[in-house]
Amino acid sequence: AKGHGKAGYVRYVPGMEEPILAHIQLGGELRRGLDEGEFRVVYQPVIALADGKIIGVEALVRWDHPVRGPVSPAEFIPVAERTGLIVELGRFVLRETCRQMAAWLAEFGPDALQKPGVNVSARQLHDPDFVGDVLAALADSGLPTDRLVLELTESAVLRGSQVSRTLHELDRLGVALALDDFGTGESSLSLLRSFPASIVKLDKSFVDGIEIEDGEAGGRDARQAVARAVIQLANALGLDTVAEGIENEAQAEQLRLLGYTLGQGYHLARPMPAEEFTRLLAAQRRA
Ligand code: C2E
Ligand code: CA
Ligand code: CA
Ligand code: CA
């Protein structure tokens with residue numbers, strides 16, 4: 001059927017048919033998956049590096065495809081962005097996280113957890129209803145406005161004055177903003193002057209290998225230099241920091257030495273379903 005050029009067929013591009021077909025199929029599948037309720041939210045603890053206590057949480061979307069099995073967000077988020085379905089998917093994650101967070105606060109009290117982080121794509125920031133969607137998710141869940149963090153990457157934020165207005169409006173309303181994957185973009189440092197962030201998340205690429213002694217350019221010393229520069233800048237600007245992707249104790253120790261107090265990563269805790277997170281909060285309350 002490929003290459004017929006008839007309506008409804010995919011145009012043949014030499015060597016490229018598989019990715020294009022896979023992409024188109026995934027796009028249609030996303031629509032169906034949303035309608036069928038195949039998406040769910042998992043929660044990864046943000047941990048105090050000093051004592052291992054749960055301080056916060058990041059919401060991460062999961063897709064349990066009935067045939068393919070679990071599909072990685074790295075695969076379907078870009079497709080959802082290109083097709084625009086990220087607006088609806090993001091709304092689902094936001095509403096679900098606000099509802100869950102309100103339930104945890106009701107059960108465990110206001111000091112059990114700080115603000116949950118929800119990832120937001122560039123496409124969502126451009127949606128004219130975005131601020132309204134955020135406020136509706138908060139109002140419907142009963143979660144206070146100052147109990148939510150939106151995590152944005154630099155590339156999502158560097159998109160002109162409309163996005164900037166949206167971000168300043170959210171900031172005025174009390175919603176906190178985090179710069180995600182910090183340090184990977186072209187202008188991370190200068191961005192902090194114009195962007196009303198209160199949290200920076202040090203990207204995993206600066207944590208990978210931070211513990212290994214190698215003395216080479218681009219190796220540990222360079223990563224440590226970036227990690228040190230980020231924490232110094234954050235402290236100077238009064239921002240909170242979270243180090244991402246901590247996979248072993250040596251990395252955690254190195255980050256502690258550099259002055260990091262909060263971390264996320266498989267070594268500390270993996271993303272988990274809400275019920276499992278609830279059990280951890282209950283155990284922490286008893287401790
Ligand atoms: P991110 O926002 O940087 O999220 C952190 C990713 O790192 C998550 O991958 C998490 O599971 C993974 N991770 C955490 N600790 C470790 C570790 O120690 N080692 C390694 N190798 N990985 C670790 P995940 O859940 O697969 O999500 C990937 C990306 O997809 C996220 O990166 C985010 O950009 C995007 N994403 C996930 N959920 C959403 C969502 O609800 N909305 C939007 N717009 N994007 C999302
Ligand atoms: Ca994130
Ligand atoms: Ca990140
Ligand atoms: Ca990332």
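Everything numeric in this text was worked out from a predicted model, so none of it was measured. All ligand and atom numbering here is 1-based and tracks the order in the structure.
Among A59, G245, P73, the residue whose heavy atom lies nearest to atom 26 (O) of ligand 1 is P73.
Under the 3.5 Å distance criterion, with hydrogens and angles disregarded, a donor-acceptor pair is assigned to the side chains of H65 and E29. A donor-acceptor contact closer than 3.5 angstrom is absent between the side chains of D240 and Q114. Side chain to side chain, H267 and Q251 fail the donor-acceptor criterion of an N or O pair below 3.5 Å.
Within the 4.0 Å heavy-atom criterion, both parts of L60, backbone and side chain, lie near ligand 1. Contacts of K201 with ligand 1, taken as heavy-atom pairs under 4.0 Å, are absent altogether. At a heavy-atom distance under 4.0 Å, only side-chain atoms of E244, from C-beta outward, approach ligand 1. Heavy atoms of S121 found under 4.0 angstrom from ligand 1 belong to the backbone as well as the side chain. Of the heavy atoms in V61, both backbone and side-chain atoms come closer than 4.0 Å to ligand 1.
Y266 places no side-chain N or O within donor-acceptor distance of the main-chain N or O of N248, the cut-off being under 3.5 Å. Judged by distance alone, with hydrogens and angles left aside, the side-chain atoms of R147 form no donor-acceptor pair with the main-chain N or O of K115 at under 3.5 Å. Panel note: side chain Q124, backbone V120; no donor-acceptor pair is recorded below 3.5 Å.
Between E81 and ligand 1, a contact under 3.5 Å exists for no N or O pair. The shortest N or O to N or O distance between E151 and ligand 1 is not below 3.5 Å. Ligand 1 has an N or O atom lying under 3.5 Å from an N or O atom of D180, backbone or side chain. Taking any N or O of D181, backbone or side chain, at least one lies under 3.5 Å from an N or O belonging to ligand 1.
Close to ligand 1: E247, with a non-hydrogen atom less than 4.0 angstrom away. Within the 4.0 Å heavy-atom shell around ligand 1 one finds P271. Under a 4.0 angstrom heavy-atom cut-off, E58 registers as being in contact with ligand 1. Within the structure, ligand 1 has R62 among the residues with a heavy atom less than 4.0 angstrom away. Using a 4.0 Å cutoff on heavy atoms, K204 counts as a contact of ligand 1.
Within the protein, the N, O or S atoms lying under 3.0 Å from the Ca ion (ligand 2) are E58 OE2, N119 OD1, E151 OE1, D180 OD2.
A salt bridge links D208 to K204: one of the charged nitrogens lies within less than 4.0 Å of a carboxylate oxygen. Using a cut-off of 4.0 Å between Lys/Arg side-chain N and Asp/Glu carboxylate O, R31 and E88 are scored as salt-bridged. Salt-bridge check for R91 with D133: passed, with a basic side-chain N closer than 4.0 Å to an acidic carboxylate O. Ion pairing between a basic and an acidic side chain is recognised when a charged N comes within 4.0 Å of a carboxylate O; E169 and R172 show no such pairing.
Using a 4.5 Å cut-off between side-chain heavy atoms of Ile, Leu, Val, Met, Phe, Trp and Tyr, with links allowed through other members, F195 and V230 fall into the same hydrophobic cluster. V242 and V200 sit in two unconnected hydrophobic clusters of ILVMFWY residues. Membership requires side-chain heavy atoms under 4.5 Å apart, directly or through other members. Cluster annotation: L135 is connected to V118 through the hydrophobic network of ILVMFWY side chains, with a link wherever side-chain heavy atoms come within less than 4.5 Å.
Using the six-membered ring where Trp is involved, Y43 and W104 have ring planes that are perpendicular, over 60° apart on the 30 and 60° scheme.
Within ligand 1, counting atoms from 1 as listed, the ones closer than 4.0 Å to a heavy atom of G265 are 15 (N), 18 (O). Shown in contact with Q44 at under 4.0 Å from a heavy atom are these atoms of ligand 1, numbered in order with element: 14 (C), 15 (N).
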